[in-house]
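See structure below.
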Amino acid sequence: MKYISTVIESEYIIEILDEKHLSINGEVHTIDFEEVDGQPVFSLILDGKSYEAFVYFEEGEWKVMLHGTLYPVLVEDEREKRLRQAYGGGVTQTSEYHLKAPMPGMVVSIPVEEGQQINKGDALLILESMKMQNELRSPRSGKVTRIRVEPGDHVEKKQTLLSVE
Amino acid sequence: MKYISTVIESEYIIEILDEKHLSINGEVHTIDFEEVDGQPVFSLILDGKSYEAFVYFEEGEWKVMLHGTLYPVLVEDEREKRLRQAYGGGVTQTSEYHLKAPMPGMVVSIPVEEGQQINKGDALLILESMKMQNELRSPRSGKVTRIRVEPGDHVEKKQTLLSVE
Amino acid sequence: MFDKVLIANRGEIAVRIIRACRELGLKTVAVFSDVDRQALHVRFADEAYYLGSPPARESYLRGDRIIEIALKSGAGAIHPGYGFLAERADFAQACIDAGLAFIGPKPSAIAAMGDKAIARATVSAAGVPVVPGTAGEGALSNDELLAIAPTIGFPLLAKATAGGGGKGMREVRNIEEMPRLLNAARREAEAAFGDGNVYLEKLLEEARHIEFQILADNQGNVIHLGERECSLQRRHQKILEETPSPFIADDQEFRQQMGEVAVRAAKAVGYVNAGTIEFLVDKDKRYYFLEMNTRLQVEHPITEAVTNVDIVKEQIRIARGRSLNYTQEDISQHGWAIECRINAEDPYENFLPSTGRISHILLPTGPGVRVDTGVYPGFTISPYYDSLISKLIVHGKTRAEAILRMRRALEEYKITGVRTNIPFHQMLMNSHRFMAGQYDTRFIEDRFSFNSVNIDKSSDADIAAILATLVAHQQIQRSTHIIRRGKRDTSNWKWVGRWERMHR
Amino acid sequence: MFDKVLIANRGEIAVRIIRACRELGLKTVAVFSDVDRQALHVRFADEAYYLGSPPARESYLRGDRIIEIALKSGAGAIHPGYGFLAERADFAQACIDAGLAFIGPKPSAIAAMGDKAIARATVSAAGVPVVPGTAGEGALSNDELLAIAPTIGFPLLAKATAGGGGKGMREVRNIEEMPRLLNAARREAEAAFGDGNVYLEKLLEEARHIEFQILADNQGNVIHLGERECSLQRRHQKILEETPSPFIADDQEFRQQMGEVAVRAAKAVGYVNAGTIEFLVDKDKRYYFLEMNTRLQVEHPITEAVTNVDIVKEQIRIARGRSLNYTQEDISQHGWAIECRINAEDPYENFLPSTGRISHILLPTGPGVRVDTGVYPGFTISPYYDSLISKLIVHGKTRAEAILRMRRALEEYKITGVRTNIPFHQMLMNSHRFMAGQYDTRFIEDRFSFNSVNIDKSSDADIAAILATLVAHQQIQRSTHIIRRGKRDTSNWKWVGRWERMHR
């Protein structure tokens, strides 16, 4: 089975040859790969080097926490990659972004208005939780569309708060 | 629900009144009882006193490990107790005792013979495991009946090794 | 003399205090809210009583109920820990009125130091330098503060009069943003301390936050246990502490001088029990009294590590009316200690708090490592209390050894189920400026970027790609029900069965 | 100079050594058998290589394979830990022949001390007193031993010539039982060390087992780090160690004298690296050399706690050719340390080893507590290796504080899935003779009865009855599918959902 895996800008062609071998960009390596006790913790011995990492899927990509660094990895087979490229890879760019509450809390204030033009990194909403006021920032530039909550509201985890298009 | 619970020689009449109350020998107490995270670990708050214990069932009785002491407890309802008394309580005394391997290991030697009269506490078999030679002793006096293994045998956990009647 | 102590707190600090009591042969009484029925402090205490609903004001802030429980259970003393009721003079007084020992300072000292304004006036009168600001001028309105601000000069800090721990605090860089920030600070202060008053304070730049641990008994003995360097803060919340301070380093004269000033400040309010004098120190070694924390501090274990003094046991000793076990001459610092605060928060999501059930924990152990925690696998982190779930403390002979030990401990520490800031600490431990000890209170926010995308050449991106691919592949294989023959058994269980054969 | 170390061991000691290497910036190589693929030493090491099947002689005793792996991986040194290959002179020599540093003594010292007969002759010649016995008379047959026994006098011990750690050892109280016990000892010695030779030794009664930790460098510096009291043994296996020895207590002169003799014994064989001189001490403070362990000792952490010397780091330092960090004058004992060996064995079933999957662990933490362990929840204890799964070490200012701390740590320590001897240690900590420090090597077997049935009046039998009844009742309710309304939710999860409502 052959995969194209992308970490930030770097692409790796990884082929799983059998239980004990894989190739990365054509180079063959010996592997010994195991899940540790049903946790999302995995142990990999690659040519004798021992690695342990958290690996989990989130928001369309794999996250690998290794030696204190979080690597986002996109794993695709060739068909998936062709499909993504055909659609221009920018699917998420044109659709709406929905700001969701990362945890239960109370809306303290909403420093933006519907229709307002905002930049990536601007604060969209202040949420109070765990005795702290938390600024939720926009991951992209765009225009605020629907604001679904108002200051004083108590919101649940994953509840959509407002949208940016 | 009413139970008669026996710890060694002491008998306690315990009635579970509702989720929050029980009586022991007629005295009513407030309880707050919970299992800790699916473990055989239980937390009991009895009239404000906080206790935590391992509780598990083994060989016909409950074992309660509390503050470093293991209490064997026989829990019966009235019907069960009557039944046991009717049968004289000596059921186990007359039946055969089967010595089982407490863990995998190799039989090193068997210092008894079939038909031999033995006392409680006598060594019945030496089992090697975890780099140690372990003496398995008889929990009662009696006569060795069938010996099912011989020195050099490798045995599995719970395998019956010999019997005493 | 009391032989049973009620701990009016939860989490790691309640566990810490219970441990000290146990080791002194004292009985312990825990109190708990609905979400804490299975919390470690309830599991470890000799007695436990229900307080109320999860929100603090319905449980851990219910001083009346807590005193009632203490009386009912026969506890002779209350230890407030930190936070919650720890710095409420009225609660301390209520304990005394109920005939209970309050394991902390006298209500008068809490009141004097608790109101930052009075605190600064008092220590100032005792000859201790203070940071310029409006403290001491009473409760001022926004209009009054806006008028005074330019005379102090920007940047400045708006701080909760009743506050502490960075809550109700805002940094103000110009007059335009000031009204908005004042309101935010008041709001947070009101929520956290029930008092929305704020004051202004000059923001010293390139400043260090250095504090001195104080112990004082009823016999008039006051000593200090040396300093803690607490400059590493995020949003005015301490995140990592170390002792000695790499800034003071081996300037014993400077240390002694600050220590003496700290003792003088404590004496100015007739202080008894454990407390902490916080200073700001500028790059020219000018130091200013900031505030006194009239309670046990989160970061007390690093001082315990280097001085070998059990601060909680000393607190109890003092509350029992005994004189200190130590004189100033007995105290010296051995080696170096660092504490990382492990918070349930996601460093990759702007440090948002993380809640949920902890599924697994692998604790770092071994030489020179101490963990103070109130959680365990299976426990659920609720959104009601603060996000500190564990303190990782290391002790080494030198700062270098302590840093290397902290690195290996952080790498060993595994928590699944909630996100933690462990990766943040790992990156901090690898920062050259941290390693050199060159940092001030602005370091984390101004010069330290925590970003997952900054993956350099020396990284393990290829290994990450392989790991993700193997996990994805495994998942595909499983979901398509492909049954492989000869697949390696990943447990060592089968060997238990094979033992017989292999043993021949 | 090496910068990568292969650890030829498993379990807690492999983890301990990996930690020391990490903290020194050295890379680590683990080796593992089939059952240890997921063991902590494999998870923590930088590299890991498969050795073979679970039985030690097919894996951890395969010196040839281990050296091959060291060379292949580029490791420049091998640390043998304790047990397995640690005291094999031939293995140490093979390492050196392969160009690898052996982190331990020279092969000649291992050989001299490894054969108990030669060891005793050597130290005896250096003026160190030894226990009377047949050591030094070569490999004797059963007939020869039976003839000599009466001249030494009963009781005596038959001990493996190549042995240590209580294996291949039998106590002989009269001539009649001697042939049977000799055979048993030979058999165990053969299995454990591949050498069935045994020798006889006078059994000193009311004796204490006290040992001295030695450090020696290549520059000829030899120091001792004080003593460890190891008299608490079960079947000649140490079960609890403490330092200082309550028997030596504050007799500094006696301590210094024994320490000097220990240093002399080490010098007699040109000893380099860490080692331990074991003495038997009778009630009149006469002491006899017993043997030297030419390796790191299980109980080394208690010495680390009171001397603040990291013994494993010193071992590596010595192996790198550097001179000791300390002179004898630098060494002093601070406070008191105790170690409890936590074994996977059932104290209620005659201490039979217990195997299986560990389902849950709650580690004791907090001030003064260190845990060295090689297991974690989810790991399976196999029957292949010894039953030591964890070492619980506490350090206090006084012996009393250490005991109280150990009690609270033992009470906190929860392991489910396998049985452990924690209850045994708890009972020991409550024993009056232990508390008074009045015990000898026979104490546990002769005077300490561990029996679950001995429940006294002050016990919690009523609480145990209630707990068992509640659990039984719960089980009956569940099995009969009775659905109760209004049953209290035992998790705090629901509160996360209720947060909104409660917060208003």
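Proteins get letters first, then strands, A, B, ... in listed order; numbering begins at 1 in each. Keep in mind the model is a prediction, meaning the values are calculated, not measured.
Looking at A/V41, only its side chain comes within 4.5 Å of chain C, counting heavy atoms on both sides. With a 4.5 Å cut-off on non-hydrogen atoms, C/N350 touches chain A through its side chain but not through its backbone. For A/Y56, the part lying near chain C is the side chain, with the backbone staying farther off; criterion is any non-hydrogen pair under 4.5 Å. Contacts of A/L127 with chain C are absent, with no heavy-atom separation under 4.5 Å from either backbone or side chain. With a 4.5 Å cut-off on non-hydrogen atoms, A/I126 does not touch chain C at all. Within the 4.5 angstrom heavy-atom criterion, no atom of A/K49 approaches chain C. When heavy atoms are compared at a cutoff of 4.5 Å, A/L74 does not approach chain C at all.
Contacts with chain A were tallied for C/S387, C/P353, C/S354; C/P353 has the most, counting heavy-atom pairs under 4.5 Å. With chain C as partner, the option from A/L46, A/V108, A/V73, A/L136 having the largest number of non-hydrogen pairs under 4.5 angstrom is A/V73. With respect to chain C, the highest number of heavy-atom pairs below 4.5 Å among A/V64, A/N25, A/I31 belongs to A/V64.
In this structure, the separation between CD on C/E411 and CD on A/E52 is 8.5 Å, given to the nearest 0.5 Å. Interatomic distance, A/L44 CG to C/I463 CD1, rounded to the nearest 0.5 Å: 6.5 Å. Considering CG of A/D77 and CD1 of C/I476, their distance stands at 6.5 Å, rounded to 0.5 Å. Once rounded to the nearest 0.5 Å, the distance linking NE2 of C/H473 with OG of A/S5 reads 12.0 Å. Once rounded to the nearest 0.5 Å, the distance linking OH of C/Y348 with CE of A/M65 reads 3.5 Å. A/I14 contributes atom CD1, which lies 7.5 Å from atom CG of C/L470 (distance to the nearest 0.5 angstrom).
Residues C/I466 and A/Y51 fail the side-chain proximity criterion, which asks for heavy atoms closer than 4.5 Å. For the pair A/N134 and C/R235, the minimum side-chain heavy-atom distance is below 4.5 Å. Residues C/Q474 and A/F42 are in side-chain contact: their nearest non-hydrogen atoms beyond the backbone lie under 4.5 Å apart. Residues C/F351 and A/E135 fail the side-chain proximity criterion, which asks for heavy atoms closer than 4.5 Å.
Taking each heavy atom of A/A53 and C/L467 in turn, the nearest pair found is CB-CD1, 3.7 Å. Nearest heavy atom pair, residue A/V55 against residue C/A468, reads CG1-CA, 4.2 Å. Here the shortest heavy-atom pairing between C/A472 and A/V75 reads CB-CG1, 3.9 Å.
Using modelled atom types, no side-chain atom of A/Y71 and backbone atom of C/D462 make a donor-acceptor pair closer than 3.5 Å.
Scanning residues 414-424 of chain C against chain A with a 4.5 Å non-hydrogen threshold yields C/K414, C/I415, C/T416, C/R419, C/P423, sorted by number.
A 6.0 Å sphere centred on CD of A/E58 holds more than 12 heavy atoms belonging to other residues, nucleotides or ligands.
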